[in-house]
Visitor: 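To start, I am sharing the structure in question, which I have written as structure tokens.
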Amino acid sequence: MRFFNVAGPCIRGEHYMIDPATRLPGVERLVDMSQYFVLHAARQSGKTTCMQDLAKRLNESGRYYALYCSLEGLQGIVDPEKGIPTIVGIIRNTLAEAGTIPHVAEFAEDTNYSNYADVLRMALTQYCKLLDKPLVLLFDEADCLSEATLISFLRQLRNGYNSRGVVPFVRSIALTGMRNLRDFKARVRPESETLGSASPFNIVTEALTLKNFTEDEIRALYQQHTDETGQLFEDDAIALVYEQTQGQPWLVNAIAYDVVARQFDWNYTQPVTADRVATAIQTLILRRDTHIDNLLERLKEERVRRVIEPMITGEQVDTFSNDFYYTRDLGLIRVTPGKPVAPANPIYAEVIVRTLNEPMQDALQNSYPAYQIPRYLKDGRIDMDYLMRDFQQFWRENSSIWVDKFEYREAAPHLILMAFLQRVVNGGGQVVREMALGTGRLDICLVYENHK
């Protein structure tokens, strides 16, 4: 029985999945044209699944030898004297494990690793001479490379690319990661911590990205489960998933997995309703699985703060800056033509705010017991005048203490107010927030017992 995957790449026959070939249209044409390209997308959006599937399709075509190769083990190895031989070793080991390409034992045979500035290019050139079909390399987690190791790696690939009209070299190369090439970490200039451009790998033809699922793709994914088990996802449930996730692949799968595996315990007799989906969404927000925690770690980075903080306050930022592109590529924000730049989806918006004002929430819970939900109730409804007067009093007495404690100091008033209102959520209500760049405001709606 297949299931919704929330950990690692999807595997045909084991997981429900959207056909990877439809998510990267035109990529095989790039290989046919002997192009080098970049694939960047947010964490757990399907990059590895697509690259592994591409390697499989290219090998099955009979026209190429394709190798998927992860560089995750290079994290933190900045010295090329150690980093480049490690890359050569990873390629050799991956070739042996794959077992689909001949002459494995002869790859990097009798290699002089002391010549680390050219050993990768030489090893690939000599290996390509032995093969009867063009070689395609698909490097995953390429943005784990950094500093001098990254520069040497890119330069050797570029040298091989430039010389391949004279001597054999890799037909096509893909560099895959969360970041676009310009944001790969490399102290190439004293004032910069990133490449800032494609140089020294300016042979890249395309920088591809993976789009989120459409509502129709979510419906098709869930229909696979219905076809195999008979369990129906109701239309309202699918619509709510799309609205709250904006098609982010991991979230789409995680919500379905929570309902099917945790709420129903693999009992397929009941349909998946919008209420079940809403419960799963709140569970994900509160549980903060690894996917969300890894993403929220980025909030501590100064480059990300310079984009997310203005979005909370409604200010504007330079949408052509490297900070903006970096935050977008991480999957934290959504750019929609004709609309203000906003959080990537409502679930991320909720966990971003909860993460940033968490200390305030804890303090209100433990140190300010007077500010609890019962005192704001009047005939079963929120007394908003009373609530807001209470907040004014709280602000007068405590703002000078709390503003300095927030890393996002410009957004501290907004975050403190939302932490104060979070008491409503914890009392059975809901806070709906709309944040966007350039709007000049933060919109908040409180819902309690169907009253807004």
Side-chain angles (χ1 to χ4, degrees), residues 40-45 72 74-78 141-147 150 177-180 182-187 191-196 248 250-251 284-319 321-335 341-365 401-419 422 433 435-437 442:
H40 65 94
R43 184 182 297 277
Q44 291 182 294
S45 55
E72 189 171 6
L74 272 293
Q75 185 84 45
I77 303 180
V78 300
E141 306 289 350
D143 48 354
C144 286
L145 301 177
S146 59
E147 301 189 29
L150 168 64
M178 286 178 60
R179 304 172 183 87
N180 201 349
R182 64 174 173 271
D183 288 314
F184 281 26
K185 295 179 180 178
R187 297 181 184 275
E191 72 278 8
S192 175
E193 292 188 356
T194 66
L195 288 173
Q248 203 288 329
W250 185 88
L251 291 176
L284 290 178
I285 290 172
L286 294 175
R287 195 170 63 222
R288 286 199 354 197
D289 290 339
T290 302
H291 166 83
I292 292 176
D293 259 356
N294 287 339
L295 203 62
L296 295 181
E297 271 296 305
R298 304 293 179 181
L299 296 176
K300 299 176 183 178
E301 297 181 21
E302 181 62 20
R303 300 178 66 190
V304 173
R305 185 196 65 78
R306 290 196 289 261
V307 176
I308 298 298
E309 186 171 44
M311 188 160 61
I312 296 172
T313 62
E315 302 302 316
Q316 188 57 278
V317 299
D318 181 4
T319 55
S321 69
N322 285 334
D323 292 343
F324 182 84
Y325 289 130
Y326 176 67
T327 306
R328 182 198 64 185
D329 291 346
L330 289 176
L332 284 168
I333 59 177
R334 178 173 80 251
V335 181
V341 176
N345 55 66
I347 294 177
Y348 284 2
E350 182 71 14
V351 293
I352 286 172
V353 169
R354 289 193 182 213
T355 298
L356 294 176
N357 68 16
E358 193 169 35
M360 186 75 225
Q361 289 183 51
D362 292 341
L364 284 168
Q365 182 73 33
I401 300 172
W402 276 100
V403 167
D404 288 340
K405 295 183 179 182
F406 279 83
E407 189 173 352
Y408 284 38
R409 187 169 179 177
E410 293 299 317
H414 305 65
L415 294 169
I416 292 173
L417 172 60
M418 286 189 283
Q422 197 69 39
R433 330 165 205 269
M435 303 178 290
L437 290 172
L442 166 69

Visitor: Does the side chain of F406 come within less than 4.5 Å of N357's, by heavy atoms?
Guide: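 A side-chain contact under 4.5 Å exists here.
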Visitor: What are the two closest non-hydrogen atoms of V317 and F324, and how far apart are they?
Guide: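 So the minimum-distance heavy-atom pair works out to CG2-CD1, 4.1 Å.
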Visitor: How many angstroms lie between CG in L437 and OG1 in T313, if you round to the nearest 0.5 Å?
Guide: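 Atom-to-atom, L437:CG and T313:OG1 are 8.5 Å apart.
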Visitor: How many angstroms lie between NE2 in H291 and CZ in R43, if you round to the nearest 0.5 Å?
Guide: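 Here the interatomic distance stands at 8.5 Å.
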Visitor: Considering residues at least two apart in sequence or located in another chain, which fulfil the salt bridge (Lys or Arg N to Asp or Glu O under 4.0 Å) criterion with E72?
Guide: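 Checked E72 against salt bridge (Lys or Arg N to Asp or Glu O under 4.0 Å); zero matches.
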Visitor: Can you check whether V403 reaches I416 side chain to side chain, under 4.5 Å on heavy atoms?
Guide: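 Yes, side chains in contact.
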Visitor: State, with a plain yes or no, whether a side-chain heavy atom of D143 is found less than 4.5 Å away from one of H40.
Guide: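 Not touching, per the 4.5 Å side-chain cut-off.
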Visitor: When you compare the side chain of Y326 with that of V304, does any pair of heavy atoms fall below 4.5 Å?
Guide: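 The answer is yes; the side chains approach within 4.5 Å.
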Visitor: Indicate the atoms forming the closest heavy-atom contact of W402 with P359, along with that distance.
Guide: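 Where W402 meets P359 most closely, the heavy atoms are CH2-O, 3.8 Å.
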Visitor: So do I312 and M418 actually touch side chain to side chain, heavy atoms under 4.5 Å?
Guide: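 Of all side-chain heavy-atom pairs linking I312 with M418, at least one is under 4.5 Å.
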Visitor: With rounding to the nearest 0.5 angstrom, report the CD to CZ distance, E309 to R409.
Guide: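 Reported to 0.5 Å precision, the distance equals 10.5 Å.
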Visitor: Mind checking the OG1-CG spacing from T355 to D293? Nearest 0.5 Å is all I need.
Guide: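 Nearest 0.5 Å value for the OG1-CG distance: 7.5 Å.
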Visitor: Which atom pair, heavy atoms only, marks the closest approach of R334 to P343?
Guide: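 Nearest pair, atom of R334 first, then P343: NH1-O, 2.8 Å.
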Visitor: Which heavy atom of G331 sits nearest to which heavy atom of Y348, and what is that distance?
Guide: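 In this case the closest contact between G331 and Y348 is O-CE2, 3.3 Å.
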Visitor: Just so I know, are the side chains of V307 and I333 near enough to count as touching, which here means a heavy-atom distance under 4.5 Å?
Guide: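 SC-SC contact between V307 and I333 confirmed.
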Visitor: Is R306 paired with E302 through a side-chain N to carboxylate O contact shorter than 4.0 Å?
Guide: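 Salt bridge present between E302 and R306.
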Visitor: Would you call N322 and R303 a side-chain contact if the rule is heavy atoms closer than 4.5 Å?
Guide: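 Yes, side chains in contact.
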Visitor: To the nearest 0.5 Å, what is the distance between CD1 on I308 and CD on E301?
Guide: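 Here the rounded value is 11.0 Å.
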Visitor: Is it true that a side-chain atom of E141 and a backbone atom of C144 form a donor plus acceptor pair closer than 3.5 Å?
Guide: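 A pair under 3.5 Å: no.
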Visitor: Do L330 and M178 have side chains that get closer than 4.5 Å, going by heavy atoms?
Guide: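 Contact flag for L330/M178 side chains = yes.
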Visitor: Just verifying a value: how many Å separate Q422 CD and Q361 CD, rounded to the nearest 0.5 Å?
Guide: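 Interatomic distance, Q422 CD to Q361 CD, rounded to 0.5 Å: 4.5 Å.
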